[in-house]
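These values consider heavy atoms only, across backbone and side chains, with no hydrogens, waters or symmetry-generated copies.
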Amino acid sequence: MVVDVREVSRLYLRRADPEEDWLRSPFRASAVPERLVRKIARRFHEQQHLPNDPDARGQYLRMALEAQDQLACMTDMGLKVRFFRGSGQPYTASRELCRAMDAGEDLYVFPTEHGHGPEGYEDPDNPLLSPSGIDIDGAPALHNDVLRATHDYFGHYLMRAPFDLLGELSVAYAHLRMFSPGIHRAVLNEFVGQIAWFYYGPHIVRPDGSVPLRGDDDWIAPEQRPFADQKINLMPAAWVEEFLAWGSGEAV
């Protein structure tokens with residue numbers, strides 16, 4: 001069944017808060033905000049993992065519940081979400097995801113139990129790794145499974161953005177604005193903190209602050225880079241505003 005992602009977005013926003021239009025401005029940025037991304041990467045690397053901090057945990061749990069409401073809108077409009085049980089990833093490129101959704105196919109999600117963060121990662125205190133209380137494809141889903149499904153749909157599919165840094169940032173911009181402003185600090189940490197570290201973490205940035213380019217001897221291909229540690233924390237509110245200003249086309 002072909003489902004219009006824009007209509008699903010409008011349905012969710014009407015249900016969530018009919019008085020506020022969180023999608024009032026389209027994505028207008030054309031370049032990576034390198035200074036901001038470097039700041040976020042540095043903070044993410046240095047910050048503590050605080051899964052039991054009341055404020056951080058509270059924002060993360062609210063993010064998880066709002067993602068459940070987003071998933072409900074997706075399925076209410078006829079979209080079927082399934083766990084991917086094959087090898088590798090369900091989509092190797094964003095265009096494969098978009099092509100499948102355009103054709104009315106089911107949305108496949110890589111199960112959290114098959115991979116989340118660095119190899120061997122386990123954390124019973126991480127709120128995203130707790131049961132969501134709902135099923136996906138007949139199997140119990142974790143909060144992180146639900147978040148992955150909604151991020152692929154309301155992020156990558158809505159934006160038709162590739163799996164590169166600028167694409168991931170545009171996806172984060174689109175999806176972040178579907179969450180309540182009161183939890184944007186957690187959403188920025190989750191959506192942008194890890195991807196910023198992936199591209200500008202200490203495993204990439206040289207001692208002089210430069211970043212290797214493809215073809216350099218010290219270039220590390222994305223598929224060979226480590227995944228970021230999972231860190232429950234909150235980004236500064238000022239950086240949320242800076243990120244939103246960037247996405248709307250304002251100079252930052």
Just by distance, with hydrogens left out, do [X] and [Y] show a side-chain donor and acceptor under 3.5 Å apart?
X	Y	value
Gln194	Glu190	yes
Ser180	Glu66	yes
Asn126	His49	no

Show the numbers, then the answer: is there a side-chain contact (heavy atoms from CB on, under 4.5 Å) between Ser130 and Leu142? CA-CA 6 Å; Ser130 59; Leu142 302 178; over 6 Å; no
Can you see which heavy atom on [X] is nearest to which on [Y], and at what distance?
X	Y	result
Val109	Ala149	CG2-CB, 3.6 Å
Ala141	Ser132	O-OG, 2.6 Å
Tyr108	Tyr91	N-OH, 3.0 Å
Lys231	Glu46	NZ-N, 4.2 Å
Ser30	Leu166	O-CD2, 3.9 Å
Val81	Ile136	O-CG2, 3.7 Å

Transitively linked via ILVMFWY side-chain contacts under 4.5 Å: [X] with [Y]?
X	Y	result
Phe154	Leu65	no
Leu188	Leu36	yes
Leu11	Met101	yes

Take a 6.0 Å sphere around [atom1] of [X] and say whether it holds more than 12 heavy atoms from other residues, nucleotides or ligands.
X	atom1	value
Lys39	NZ	yes
Arg206	CZ	yes
Asp208	CG	yes

Do the non-hydrogen side-chain atoms of [X] and [Y] ever get within less than 4.5 Å of each other?
X	Y	result
Leu50	Asn233	yes
Ile195	Val37	no
Val8	Tyr153	yes
Pro202	His45	yes
Val205	Arg42	no
Met63	Leu147	yes

Take Tyr199 and Val32 through the test side-chain contact (heavy atoms from CB on, under 4.5 Å) and record every step on the way to the result. CA-CA 11 Å; Tyr199 282 93; Val32 171; over 6 Å; no
Residue set satisfying salt bridge (charged side-chain N to carboxylate O under 4.0 Å, His left out) with Asp125, at least two apart, ordered chain then number -> none
Gap between atom [atom2] of [Y] and atom [atom1] of [X] - 0.5 Å precision:
X	Y	atom1	atom2	value
Leu79	Asp106	CG	CG	7.5 Å
Asp76	Met74	CG	CE	11.0 Å
Arg28	Ser248	CZ	OG	7.0 Å
Leu97	Glu105	CG	CD	10.5 Å
Ile134	Thr75	CD1	OG1	8.0 Å

Is the gap between the ring centers of [X] and [Y] under 6.0 Å?
X	Y	answer
Phe179	His184	no
Trp197	Phe227	no
Phe110	Phe84	no

Report the relative orientation of the aromatic rings in Phe163 and His156; use parallel for angles under 30°, tilted for 30 to 60°, perpendicular for over 60°.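 Perpendicular, since the angle between the ring planes exceeds 60°.
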Would you call [X]-[Y] a salt bridge at under 4.0 Å N-O?
X	Y	result
Arg148	Glu113	no
Arg160	Asp102	yes
Asp137	Arg82	yes

Given side-chain contact (heavy atoms from CB on, under 4.5 Å), test His175 with Thr150 step by step and report yes or no. CA-CA 8 Å; His175 198 194; Thr150 59; 3.4 Å; yes
For the pair [X] (side chain) and [Y] (backbone), establish whether a donor and an acceptor sit closer than 3.5 Å, ignoring hydrogens and angles.
X	Y	value
Glu96	Thr92	yes
Arg177	Ala172	no
Trp246	Ala31	yes
Asp53	Ala56	yes
Arg185	Pro236	no

Arg225 charged N/C atom sitting above Phe198 aromatic ring, 6.0 Å / 45°: yes
Might you work through the side-chain contact (heavy atoms from CB on, under 4.5 Å) test for Phe83 and Arg85, ending with a clear yes or no? CA-CA 6 Å; Phe83 278 128; Arg85 301 300 185 184; 3.5 Å; yes
Glu7 and Arg10: salt bridge (Lys or Arg N to Asp or Glu O under 4.0 Å), yes or no, with the steps? CA-CA 5 Å; Glu7 288 300 318; Arg10 294 187 188 104; 2.6 Å; yes
Going through the distances and angles, do Asp69 and Arg15 end up as a salt bridge (Lys or Arg N to Asp or Glu O under 4.0 Å)? CA-CA 9 Å; Asp69 292 338; Arg15 288 182 179 181; over 6 Å; no
